[in-house]
Amino acid sequence: MSRLLGGTLERVCKAVLLLCLLHFLVAVILYFDVYAQHLAFFSRFSARGPARALHPAASSSSSSSSNCSRPNATASSSGLPEVPSARPGPTAPMLPPCPDSPPGLVGRLLIEFTSPMPLERVQRENPGVLMGGRYTPPDCTPAQTVAVIIPFRHREHHLRYWLHYLHPILRRQRLRYGVYVINQHGEDTFNRAKLLNVGFLEALKEDAAYDCFIFSDVDLVPMDDRNLYRCGDQPRHFAIAMDKFGFRLPYAGYFGGVSGLSKAQFLRINGFPNEYWGWGGEDDDIFNRISLTGMKISRPDIRIGRYRMIKHDRDKHNEPNPQRFTKIQNTKLTMKRDGIGSVRYQVLEVSRQPLFTNITVDIGRPPSWPPRG
């Protein structure tokens with residue numbers, strides 16, 4: 001009996017052992033089958049686009065050339081196209097518009113012309129001004145691009161003071177600007193308005209983006225930086241209260257000293273007259289042109305539009321023009337034929353200095369008899 005029971009128990013144990021072995025074999029087979037499926041899945045996933053981008057075997061040359069032909073495409077140093085990153089790279093930040101009322105303005109300024117003013121000092125004071133007298137605010141985008149035009153001859157002493165005061169003022173006003181000194185060659189009679197016409201044309205040759213033009217005498221410095229050198233809907237007269245006139249407007253139609261017109265306004269009046277040789281009259285002619293084309297003069301508050309003039313004797317070959325009163329009366333007849341469309345001159349030299357661009361021009365000489373109005 002015991003022998004029979006022992007034999008039965010042995011057979012049962014063997015059967016259980018075989019069953020466990022069979023279960024283990026099945027489990028191993030299933031494990032390797034699932035692993036093979038996972039491996040095939042991940043292999044197909046990793047074989048997509050990046051592999052072709054990193055290993056352009058058959059089309060390396062064609063893909064590289066087509067990549068570099070696009071406006072913003074770049075190529076790596078190995079000659080292969082750059083693989084686009086999942087995250088966009090850093091881009092230059094978009095600057096906000098410059099404020100209408102710049103926060104760094106000082107207001108009333110102390111202006112004096114007694115201290116020595118070497119150009120080296122002025123250059124040190126304005127490290128942000130580029131060669132040729134160009135400046136762009138680093139922290140905002142101005143609405144206008146301003147060309148400052150100065151008619152000039154033999155006024156180096158005055159120019160140093162003008163640069164000393166005006167560059168900091170214009171930078172505080174957050175202007176994008178360039179300074180152009182239009183130097184009349186020779187010793188013939190001076191012609192301020194014709195030089196301003198030349199400055200308008202030559203500035204646009206250098207930068208067609210100029211859309212605002214400030215015309216300034218070299219001996220006038222504003223006493224308040226809130227007098228913003230910008231162009232508006234109407235032509236602007238800035239120098240309305242000079243010290244030599246007792247800080248008053250000398251008469252209602254006065255438009256001399258410092259003025260500003262947009263490009264469109266300047267072309268609308270056919271620029272400035274070319275036939276005013278000698279001192280006086282051209283600013284009244286310009287006022288007439290503005291009025292005759294239906295525009296009006298805008299001016300700052302008289303407390304802000306104050307200017308100091310550097311005292312000096314009248315220049316040689318800039319005597320008062322005896323014909324100026326007759327010419328002023330005939331503006332309506334002459335403005336269409338005499339202006340920016342008829343100016344003739346020859347550029348002799350263009351010199352870009354650290355604080356300004358000097359343009360020396362031959363504008364001819366006055367006629368030996370007055371032209372008929």
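All values below come from the heavy atoms of this structure, side chains included, with hydrogens, waters and symmetry mates left out. What you see is a predicted model; the values in this text were computed from it and never measured.
Looking at T141 and P97, their side chains never come closer than 4.5 Å, going by heavy atoms from C-beta outward. Contact annotation: the side chain of R337 never approaches that of S342 to less than 4.5 Å [non-hydrogen atoms, C-beta and beyond]. Contact check for R230 versus L175: side-chain heavy atoms found under the 4.5 Å cut-off.
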Next item on the list: Evaluate the criterion side-chain contact (heavy atoms from CB on, under 4.5 Å) for residue pair I269 and I340; output intermediate values, then yes/no.
Entry: CA-CA 9 Å; I269 65 172; I340 193 65; over 6 Å; no

Next item on the list: Before giving the answer on side-chain contact (heavy atoms from CB on, under 4.5 Å), spell out for F113 and V221 the whole-Å C-alpha distance, their side-chain angles and the decisive distance to 0.1 Å.
Entry: CA-CA 10 Å; F113 305 116; V221 174; 4.0 Å; yes

Next item on the list: Let me see the working for L163 and F356 under side-chain contact (heavy atoms from CB on, under 4.5 Å), right down to the final yes or no.
Entry: CA-CA 8 Å; L163 296 168; F356 62 95; 3.7 Å; yes

Check: Can you list the steps and then say if M117 with V122 is a side-chain contact (heavy atoms from CB on, under 4.5 Å)?
Finding: CA-CA 7 Å; M117 195 56 59; V122 184; 3.9 Å; yes

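Side-chain contact check for S351 and Q353: at least one donor-acceptor pair (N or O, by modelled atom type) lies under 3.5 Å. Judged purely by distance below 3.5 Å, without hydrogens or angles, the side chains of R171 and N126 pair a donor atom with an acceptor atom. Residues Y307 and D243 have side chains that never bring a donor and an acceptor to within less than 3.5 angstrom of each other. Inspection of the Y177 and Y210 side chains reveals no N or O donor paired with an N or O acceptor under 3.5 Å. Side-chain atoms of R176 and T136 include no donor-acceptor pair closer than 3.5 Å. Using modelled atom types, one finds no donor on one side chain facing an acceptor on the other under 3.5 Å when comparing N191 with Y345. Between the side chains of H154 and E187, at least one donor-acceptor pair of N or O atoms lies under 3.5 Å. Side-chain polar atoms of N183 and N358 form no donor-acceptor pair below 3.5 angstrom.
Under the salt bridge (charged side-chain N to carboxylate O under 4.0 Å, His left out) rule, D188 has a single partner from R153, R365, K194, which is R365.
Across D284 and G253, no two heavy atoms sit closer than the pair OD1-O, 3.9 Å. Minimum interatomic distance between P102 and D100 (heavy atoms only, all atoms of both residues): CD-O, 3.4 Å. In terms of heavy-atom proximity, G132 sits nearest to T357 at O-OG1, 2.9 Å. Y135 and G128 make their closest contact through CD1-O, 3.4 Å (heavy atoms, listed as atom of the first residue, atom of the second, distance). The minimum heavy-atom distance linking F287 with A252 is given by the pair CE1-O, 4.2 Å. Annotation for H237 and G256: closest pair NE2-O, 2.8 Å, computed over non-hydrogen atoms.
D217 CG to S259 OG: the interatomic distance, rounded to the nearest 0.5 Å, is 9.0 Å. For the atom pair I310 CD1 and H158 NE2, the distance stands at 5.0 Å (nearest 0.5 Å). In this structure, CG in N227 is found 12.0 Å from CZ in R306, a value given to the nearest 0.5 Å. The line from CG of N288 to CZ of F255 is 11.5 Å long, rounded to the nearest 0.5 Å. The CZ atom of R108 sits 11.0 Å away from atom CG of L110, with the distance rounded to the nearest 0.5 Å. Rounding to the nearest 0.5 Å places CG of L119 at 7.0 Å from CG of L159.
Under a 3.5 Å cut-off, the side chain of S298 and the backbone N or O of P235 do form a donor-acceptor pair. Put simply, the side chain of E349 never gets that close to the backbone of I359: no donor and acceptor are under 3.5 Å apart. When atom types are taken as modelled, the side chain of D285 and the backbone of I328 share no donor-acceptor pair closer than 3.5 angstrom. For N330 (side chain) and T326 (main-chain N/O), a donor-acceptor pair under 3.5 Å exists by modelled atom type. Q144 places a side-chain N or O within donor-acceptor distance of the main-chain N or O of C231, the cut-off being under 3.5 Å. Between the side chain of R289 and the main chain of G271, a donor-acceptor pair closer than 3.5 Å is present.
Hydrophobic clustering of Ile, Leu, Val, Met, Phe, Trp and Tyr side chains at less than 4.5 Å, counting indirect connections, unites M242 with I302. A chain of hydrophobic side-chain contacts below 4.5 Å, direct or via other Ile, Leu, Val, Met, Phe, Trp or Tyr residues, connects L170 to M223. Taking hydrophobic clusters as Ile, Leu, Val, Met, Phe, Trp and Tyr residues chained together by side-chain heavy-atom distances below 4.5 Å, L201 shares a cluster with V350. L105 and I304 end up in different hydrophobic clusters when Ile, Leu, Val, Met, Phe, Trp and Tyr side chains are linked at under 4.5 Å. Residues I169 and I240 fall within the same hydrophobic cluster, defined by Ile, Leu, Val, Met, Phe, Trp and Tyr side chains chained together at heavy-atom separations under 4.5 Å.
Ring pair H157/Y161 is perpendicular by interplanar angle, where above 60° counts as perpendicular and below 30° as parallel. Between Y254 and F245, the angle of the ring planes goes over 60°, which puts this pair in the perpendicular group of the 30/60° scheme. Between F200 and F213, the angle of the ring planes lies from 30° to 60°, which puts this pair in the tilted group.
Between R134 and E206 there is a salt bridge, since at least one side-chain N of the basic residue sits less than 4.0 Å from a carboxylate O of the acidic one. Electrostatic pairing of D301 and R226 does not count as a salt bridge here, judged by no charged N lying under 4.0 Å from a carboxylate O. Ion pairing between a basic and an acidic side chain is recognised when a charged N comes within 4.0 Å of a carboxylate O; R121 and E125 show such pairing. We find that D224 and R303 are not joined by a salt bridge, their nearest charged nitrogen and carboxylate oxygen being 4.0 Å or further apart. A salt bridge between K263 and D211 is absent, with no side-chain N of the basic residue lying under 4.0 Å from a carboxylate O of the acidic one. R160 and E120 are not joined by a salt bridge, as no carboxylate oxygen comes within less than 4.0 angstrom of a charged side-chain nitrogen.
Atom CG of D233 has 12 or fewer neighbouring heavy atoms from other residues, nucleotides or ligands inside a 6.0 Å radius.
Between F215 and F272, the distance separating the two ring centers is shorter than 6.0 angstrom.
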